[in-house]
Amino acid sequence: MRTEVLVRVSPSVRAVQVPDDDPMHPQCTTIYLVGNGQALAIDSGEAVDRYRWMLRGYLAAVERCDIALAAVTHHHADHSGNLRWAREVFGATVLVPRNGRTLLRGRLPSRGVELLADGQVIELDGGVRVRVLETPGHTRDSLCFYLEDEGVLFTGDTMLGSTTTTVSDLAAYRATLRRLLELPNLEVICPGHGPLIFDPRERIQAYIAHRDERERQILEFLERAGRPVTSWEIMLALYPDIHPRLRRAADNNVRAHLEQLAREGRLEVTPGIPREPDPERRAREAEHAREQERVIRLARKYEAARRRALIRAQESPPTEVWKRPPRYRLVGRARE
Ligand SMILES: [Zn+2]
């Protein structure tokens, strides 16, 4: 499905869909605006210009409003990268999950931060009411926002537009999906990445079925193996065609299943042995990071110097092109 850059979702909701080519973010990363006049932004993208310009351009060209409230669905940097910027540029109050505050350290403004908890209602102009739902599973601070009057649910990464998501706590995630299924009046899901979901209940059911199916596949693999195996072996068998960059995410999902099965007493677990920290390697990595920083700083300096030189050259062309500059001498007299 093709995605449009700007979409009106419901009377109070607009989607600003920013194209994204990261395999973790199929098709787009979306910032949602809720309410007219003083708007609520749900997620604000990565801390790169693309998101800021899209948002500012959109607000300037289409909307006559500022962002009064900037909320996030969870602490991941592709959702929360512009909170400080939203505070600086719009003076927005920043709304973050109460469980996410420490995870968001370094990305929050020093003032104007409020914590969100389950059941809280965000009241906007014109009687628009957005309810906060704590929906752990993708991360432990994951929130959804529900605008029940218009049937619009904002899910962040709890549900995605075109794929399933990664899960850190499977039992919590399953409970979250069951809870979302119970929401009254649900019409459309606004995910953090990918297209809008217009068959919300079917999709939630499909997510639940998908997790059940994965669990069945994992149990069958374990049975066939008949020996202790790692989550990575299971992942490779279950996701044979996966993009290499997504393997670790898939492995995490398999591990979430294994942890739940272990808690249920269905697995015998041989504990892993963590790798010894290697001080030499750590020192090498730190040195490499410092070197990168140095090169980046230098490159920025050269870039700026070159830009300045170009502008200077336009206004005052260089004189050193002459070995000997032309000379001019008056013919006759100054007054004829
Ligand atoms: Zn994300």
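Ligands are counted one by one from 1 in listed order, and the atoms in each one are counted from 1 as well. The shown structure was predicted, so the numbers you read here are calculated from the model rather than taken from an experiment. Sequential numbering from 1 along the given sequence is applied to the chain's residues.
Take R290 and apply the side chain to side chain donor-acceptor pair (under 3.5 Å) test, not counting sequence neighbours, and it matches E287.
Of all N/O/S atoms in D157, OD2 sits nearest the Zn ion (ligand 1). When the N, O or S atoms of D78 are ranked by distance to the Zn ion (ligand 1), OD2 comes first.
Using a 4.0 Å cut-off between charged nitrogen and carboxylate oxygen, R98 and E114 do not count as a salt-bridge pair.
Residues Q260 and R263 bring no donor and acceptor atom of their side chains to less than 3.5 Å of each other.
At a cut-off of 2.8 Å, H74 is not counted among the residues with an N, O or S atom near the Zn ion (ligand 1). For the Zn ion (ligand 1), the set of nearby N, O or S atoms under 2.8 Å includes one belonging to H193.
Between Y51 and W85, a ring centre-to-centre spacing not shorter than 6.0 Å is recorded.
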